[in-house]
Amino acid sequence: MLDRRFIVENAEKVKQNCAHRNSPADIDRFVALELARKAKKTEVDQLNQKANEVSKSIGKADPSQRETLKEEGRRLREQTAQAQAELAQLEVEQESIYRAIPNMSHPDAPIGVDDKANLERFRGKTTPRQFDFKPLDHVELGEKLDLMDFEAGARVAGHGFYFLKNEAVLLELALQQFAVQTLLGEGFTPTITPDLARNDVLEGTGYIPRGPETQIYSIENSDLSLIATAEIPLGGLLAGQTIEAEQLPIKLCGISHCFRTEAGAHGRATRGLYRVHQFTKIEMFAFTLPEQSEGMLDYLRDMECRLFDALEIPYRVVDTATGDLGGPAYRKFDLEAWMPGRGEFGEVTSTSNCTDFQARRLNARYKIKGEKGTHFVHTLNGTAIAISRAMIAVLENHQQSDGSVLIPEVLRPWVGKERIEARRK
RNA sequence: GGAGAGGUGGCUGAGUGGUCGAAAGCGUCGGUUUGCUAAACCGAUGAGUGGCUAUAAGCUGCUCCGCAGGUUCGAAUCCUGUCCUCUCCGCCA
């Protein structure tokens with residue numbers, strides 16, 4: 001969330017930003033409520049002050065005075081309770097608007113209401129291959145090479161679930177190893193996170209666990225949900241904590257399963273591994289000082305480029321338009337890999353600078369030695385490798401005319417072979 | 001799953017109704033001492049959020065002792081609920 005005072009003092013800017021980001025939040029109403037809230041809070045404080053004074057005096061008072069003072073105290077506490085109730089009412093209304101206000105946007109982010117305004121910034125080192133045969137998509141490849149079983153997945157858990165088999169399993173583990181080892185070399189602390197998290201952690205990171213549009217599976221009779229990304233538990237890592245400024249930046253690598261209901265996503269791009277309910281993801285996450293976050297975003301994006309360049313996968317880097325940023329992101333870059341089977345680019349990574357938007361809700365702060373007070377950290381997240389989508393790109397880009405798939409050089413140590421041979425069934 | 005113990009400031013830990021935002025120790029910061037380091041000694045040292053003054057510093061209100069309620073003029077302290085942690089037992093990869 002944004003700073004309340006910032007909203008009041010920059011109402012016009014915030015309003016314009018909301019327009020750019022398709023947010024219906026009523027900023028004028030919010031500002032009015034904020035002023036009313038402050039006034040009411042002052043009233044509550046003053047009543048409390050009087051009541052406290054009376055309460056304190058009773059202990060020292062002459063016994064004959066006590067009953068009169070008690071009566072006075074009772075009366076003041078009643079008034080306080082009344083004012084407090086009014087304050088709470090204001091806060092409830094304000095909160096619902098507050099939650100709908102998105103983060104501010106980076107001045108260089110392309111302005112536009114949806115993903116059509118996204119701007120391609122540059123391309124990866126690998127250029128798309130010219131195939132001298134008709135490339136298959138990963139589902140066909142998977143079937144021919146016996147790498148995935150979607151039917152069995154559906155029998156066991158429904159549409160959107162799958163079994164990985166044979167080399168696909170080796171490939172998944174290899175992609176994990178490759179990503180983790182690369183990040184390890186860059187000083188990221190590797191973690192395996194819980195795959196479930198409390199709903200307040202979800203909310204702190206900007207995910208909404210309930211409601212008709214939710215992407216989140218929640219666990220019945222508990223306040224736990226399955227995580228949609230390791231960003232959630234990693235953000236929660238410092239929830240409610242205050243750390244020393246010199247510990248920043250903190251670079252984390254989180255390995256987790258990700259679960260998404262994909263509500264309302266039926267129809268397009270649901271074939272195969274592209275849009276599934278469960279996948280493994282290696283995620284990068286960073287806590288930084290405010291002045292470090294812009295540089296860190298570039299760094300995370302460059303890490304993603306490095307990984308996909310090394311996998312010899314063609315991609316483009318897209319600067320996400322304001323209307324497509326979601327709530328918490330200040331700026332976001334996506335890598336879209338070329339997927340020959342689909343004949344189009346498909347999103348494989350996404351990295352965001354959330355500035356202090358998540359930190360404020362998570363209450364993650366830092367303090368500078370020798371200085372009074374605390375400040376909110378900045379949080380950033382970025383996909384290192386989302387296995388299912390990376391697997392699509394690897395299989396489709398590295399398929400050969402004889403039906404086999406060449407394993408990218410960097411994965412061979414972990415796959416243990418250089419090629420997935422076409423099978424003779 | 002069963003039984004028990006406990007959640008207090010950066011940490012350890014005292015505090016059972018008013019003088020408690022909270023002892024003491026550790027840590028941290030500043031100073032004295034010192035050839036240097038260490039030690040010793042002295043002093044300072046929680047956070048959030050408003051207001052006043054304002055270069056800065058400062059002054060001041062309110063809130064916060066896991067969280068939410070309740071009792072009371074008054075709650076870290078009493079009551080209820082809830083979450084979490086730890087120990088033991090059982091079960092289990």
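Reckoned from all heavy atoms, side chains included, excluding hydrogens, waters and symmetry mates. Throughout, protein chains are lettered first and strands after them, A, B, ... in sequence-line order, and every chain is numbered starting at 1.
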Pull out every protein N or O sitting under 3.5 Å from an N or O of nucleotides 18-20 of chain B, one pair per line with the distance.
unit_1, atom_1, unit_2, atom_2, d
G18(B), N2, Ser55(A), O, 2.4

At a cut-off of 3.5 Å, list every protein nitrogen or oxygen paired with a nitrogen or oxygen from nucleotides 77-83 of chain B, distance to 0.1 Å.
none

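If you take atom C1' in U87(B) and the same atom in C29(B), they sit 39 Å apart, rounded to whole Å. Going from the C1' atom of A14(B) to that of C26(B) covers 15 Å, rounded to whole Å. U77(B) sits 15 Å from G70(B) when the C1' atoms are compared, rounded to a whole Å. On the P atoms, G90(B) is 24 Å away from C84(B), given to the nearest whole Å. Taking atom C1' in both C91(B) and G2(B), the straight-line distance is 11 Å, to the nearest Å. Using atom P as the reference point in both U49(B) and A40(B), the two lie 38 Å apart (nearest Å). Distance noted for atom C1' between A47(B) and U8(B): 14 Å (whole Å). One C1' atom belongs to U63(B), the other to G4(B), and the distance between them is 35 Å to the nearest Å.
Screening residues 57-98 of chain A for ring pair (Phe, Tyr, Trp, His ring centres under 6.0 Å), with sequence neighbours left out, gives Phe30(A)-Tyr98(A).
With sequence neighbours left out, the salt bridge (Lys or Arg N to Asp or Glu O under 4.0 Å) criterion links Arg121(A) to Asp319(A). Judged as a side-chain contact (heavy atoms from CB on, under 4.5 Å), and not counting sequence neighbours, the contacts of His106(A) are Asp108(A), Ala109(A), Glu294(A), Tyr330(A), Arg331(A). For the salt bridge (Lys or Arg N to Asp or Glu O under 4.0 Å) test, no residue two or more places apart in sequence or in another chain qualifies with Glu203(A). Take Asn363(A) and apply the side chain to side chain donor-acceptor pair (under 3.5 Å) test, not counting sequence neighbours, and it matches Arg365(A). Under the side chain to side chain donor-acceptor pair (under 3.5 Å) criterion, Lys417(A) pairs with Glu167(A), not counting sequence neighbours. For Asp356(A), the salt bridge (Lys or Arg N to Asp or Glu O under 4.0 Å) partners two or more places apart in sequence, or in a different chain, are Arg360(A). The salt bridge (Lys or Arg N to Asp or Glu O under 4.0 Å) check on Glu140(A) picks up nothing, with sequence neighbours excluded. Residues that satisfy the side chain to side chain donor-acceptor pair (under 3.5 Å) test with Thr320(A), not counting sequence neighbours, are absent from this structure.
Remark: U71(B) base-pairs with no nucleotide; criterion is Watson-Crick or G-U wobble with both hydrogen-bond distances under 3.5 Å. Look at A24(B): its Watson-Crick or wobble partner, with both distances under 3.5 angstrom, is U12(B). Across the strands present, C29(B) finds its partner in G43(B); the criterion is a Watson-Crick or G-U wobble pair with both atom distances under 3.5 angstrom. Applying the Watson-Crick and G-U wobble criteria (two distances, each under 3.5 Å), C88(B) pairs with G2(B). Look at A76(B): it lacks any Watson-Crick or wobble partner with both distances under 3.5 angstrom. Within the shown strands, nothing qualifies as a pairing partner of U19(B) under the Watson-Crick or G-U definition with both distances less than 3.5 Å. Figure legend. U49(B) is base-paired to G61(B); pairs are counted as Watson-Crick or G-U wobble with both atom distances under 3.5 Å. Judged by Watson-Crick or G-U wobble contacts below 3.5 Å, the nucleotide U82(B) has G66(B) as its partner.
Checked for salt-bridge contact, Glu34(A) and Arg5(A) miss the test: no charged N lies under 4.0 Å from a carboxylate O. Ion pair Asp28(A)/Lys15(A) flagged as a salt bridge, since at least one NZ, NE, NH1 or NH2 atom sits closer than 4.0 Å to an Asp/Glu carboxylate oxygen.
In this structure, the CD atom of Gln241(A) is 14 Å from the C1' atom of G9(B), given to the nearest Å.
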Handout entry: Heavy-atom protein contacts under 4.0 Å, nucleotides 47-65 of chain B, coded B base, S sugar-phosphate only, - none
Key = SS-S----------BSS--
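Under the 6.0 Å cut-off for aromatic ring centres, Phe163(A) and Phe161(A) do not qualify, their centroids lying 6.0 Å or more apart.
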